[in-house]
Amino acid sequence: MFSRVLVANRGEIAVRVIRALHELGVEAVAVYSTADRDSYHLELADHTVCVGPPPAAESYLRIPSIVAAAETTGCEALHPGYGFLAENPAFVRACEESGIVFIGPPADVMERMGDKVRAKEELRAAGVPLVPGSDGTVDRAEIRAIAHELGFPVLLKAAAGGGGKGMRTVLSEDELEGAFAAASAEADAAFGDGSLYLEKALVPARHVEIQVLCDAEGGVLTLGERECSIQRRHQKLIEETPSPALDDATREAMESTVERACSAIGYRNAGTFEFLLEPDGSFHFIEVNCRLQVEHPVTELVTGVDIVREQIRVAAGEQLTETGRAPRRGHAIEIRINAEDPSQGFAPAPGTLTRFRPPLGAGVRVDTAVRDCSEIPPYYDSLIAKLVITDQTRPLALARAIRALRELEVEGVPTTRELALDVLASLPFASGEYTTSTLAELVGLVPSLAG
Ligand code: MV4
């Protein structure tokens with residue numbers, strides 16, 4: 001096992017990783033920009049290194065500074081968290097060239113799966129059902145013919161990155177030209193590559209992702225699904241497990257498909273395979289996330305597996321504690337509390353928290369790095385805290401989630417708390433009958449969601 005690991009992130013995920021390291025008896029080195037000099041994750045760390053000024057591009061994203069921080073403090077390994085450099089193959093290579101173990105998949109796996117077109121090709125070869133779409137990237141000349149072949153609506157997606165950046169829904173042929181230009185420009189800005197591919201837009205559908213862990217001896221543990229359909233502009237707001245839409249047979253089919261895919265692509269460490277689930281129970285692969293996800297705690301609460309601890313153990317060359325299908329019990333729901341202003345279309349609302357008091361009580365976990373008087377800086381994501389609630393059944397977990405959300409005290413910045421409460425109390429969510437379109441429909445119907 002390592003004796004000292006660098007945590008190349010900030011906020012709640014840095015706190016989460018430092019806790020896992022300390023429970024393993026491993027020292028944690030934290031990095032920070034000057035905007036984060038008073039952050040909580042620095043108080044928990046054994047050593048801290050300032051890596052630059054506030055802009056992420058000059059601090060958390062600056063590969064030489066992060067690698068140097070690991071080298072100069074004698075770290076054997078580095079955990080990237082999520083976001084920032086977590087899915088950057090060049091960063092993984094820079095770590096490895098410096099003899100620092102990257103806690104995550106190897107660079108070549110990350111590279112292949114980061115090319116969304118290549119990922120689909122490799123997974124198709126592994127027998128994974130895909131969303132119908134173009135064979136490879138598309139250019140302006142051929143897009144019309146392929147779109148007609150697929151049938152509208154279609155989706156334009158960025159080949160060089162996922163998460164909805166550079167994604168455009170096209171309802172009819174006359175929108176194609178404009179959508180192509182906009183999507184390509186956004187993809188180029190986000191990923192430095194404007195290449196696009198086309199997919200049949202599956203509507204209605206649900207976004208269901210499978211969590212997996214793989215060790216170096218070929219051991220694979222699948223940890224069930226997370227339902228992530230409640231998203232606003234491709235930012236997840238509420239996630240839950242198990243999905244109300246999955247029956248045991250479909251769940252097993254998805255997990256065995258992922259297990260097979262991991263062996264085929266040589267996956268290592270933690271990963272998430274995203275699917276779209278249609279009303280008839282068919283599921284279609286959309287992309288792989290080669291990192292720990294924000295919403296990993298819901299899976300931890302129902303399986304009892306500490307995913308971050310397993311990541312660290314696997315990176316240190318140990319075998320997974322268990323393989324096959326992780327046993328599960330109960331229901332878990334995560335609500336993201338973001339500093340975003342509903343009256344301004346949920347635009348980020350940085351500022352100072354004048355009061356923060358998390359809910360407590362049975363089945364309530366709060367992953368956060370904020371406290372009274374914390375600054376929410378404008379430079380990074382707007383996440384304040386994740387309320388992760390568990391209980392024996394979905395109705396009980398839902399009631400507990402509403403109770404916890406009401407108990408939360410957060411003042412000084414506008415947040416998504418009221419939006420989350422409205423969603424949890426809505427009929428589509430309470431019934432479990434919701435899709436990727438539900439939040440947009442609710443925002444249209446419920447004035448307080450008008451945002
Ligand atoms: C789709 C889709 C429907 N059809 N692809 C969203 C971001 C990225 N993870 C993939 N996403 C989707 N891909 C096809 N072919 C629906 C989503 C999607 C979604 C789309 C619009 C609005 C909200 C959404 C929430 C989850 C998934």
Side-chain angles (χ1 to χ4, degrees), residues 82-83 87 113-117 119-120 123-124 128-138 143 146-147 149-171 175-176 179 182-183 186-187 190-191 196-211 225-241 243-246 271-280 282-291 293-295 334 336 345-346 419 423 428-429 433-444 449 451:
Y82 53 66
E87 289 189 283
M113 295 301 111
D115 172 342
K116 301 305 174 187
V117 168
K120 285 184 75 172
L123 292 186
R124 185 210 322 265
V128 177
L130 303 182
V131 179
S134 59
D135 274 340
T137 55
V138 293
I143 187 170
I146 300 171
E149 216 174 286
L150 290 171
F152 290 97
V154 294
L155 269 173
L156 276 164
K157 291 187 172 183
K165 283 200 186 76
M167 197 169 101
R168 286 292 184 286
T169 304
V170 185
L171 302 175
E175 292 178 6
L176 268 176
E186 193 176 319
F191 309 113
L196 301 174
Y197 62 103
L198 208 53
E199 284 185 346
K200 174 90 180 133
L202 300 187
V203 181
R206 301 177 78 133
H207 178 131
V208 179
E209 57 189 33
I210 301 290
Q211 176 73 60
E225 79 278 11
R226 290 187 290 263
E227 164 92 49
C228 304
S229 299
I230 301 293
Q231 297 189 21
R232 196 174 176 285
R233 293 188 185 156
H234 308 305
Q235 296 302 317
K236 295 165 183 168
L237 178 72
I238 295 173
E239 305 101 338
E240 67 175 312
T241 184
S243 163
L246 272 196
T272 295
F273 287 69
E274 289 187 9
F275 293 89
L276 288 170
L277 181 72
E278 293 202 277
D280 65 0
S282 64
F283 55 92
H284 311 268
F285 170 80
I286 35 180
E287 60 186 293
V288 191
N289 298 316
C290 298
R291 68 179 187 284
Q293 305 231 184
V294 174
E295 59 268 26
E334 177 182 86
R336 300 191 194 193
F346 292 96
L419 172 64
V423 173
F429 193 86
E433 310 273 318
Y434 61 90
T435 72
T436 57
S437 314
T438 297
L439 187 52
E441 289 156 2
L442 281 176
V443 168
L449 299 182

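For ligands, and for the atoms within them, numbers begin at 1 and follow the listed sequence.
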Test item: side-chain donor near acceptor, Thr272 and Gln293, under 3.5 Å | yes
Are Lys236 and Glu209 close enough for a salt bridge, meaning some N to O gap below 4.0 Å?
-> yes
Just wondering, do Glu334 and Val294 contact through their side chains at under 4.5 Å, heavy atoms?
-> yes
Sorted by chain and residue number, the residues with a non-hydrogen atom under 4.0 Å of ligand 1 are Val131, Leu155, Lys157, Gly163, Gly164, Met167, Glu199, Lys200, Ala201, Leu202, His207, Gln231, His234, Glu274, Leu276, Ile286, Glu287, Thr436
Glu287/Lys116 salt bridge by N-O under 4.0 Å criterion = yes
Would you list the atom pairs, donor with acceptor, under 3.5 Å between side chains in residues 163-170 and any protein atom, with sequence neighbours excluded?
{"from": "Arg168", "atom 1": "NH1", "to": "Glu186", "atom 2": "OE1", "distance (Å)": "2.8"}
{"from": "Arg168", "atom 1": "NH2", "to": "Glu186", "atom 2": "OE1", "distance (Å)": "2.9"}

Salt bridge present between Lys120 and Glu199 (N-O < 4.0 angstrom) | yes
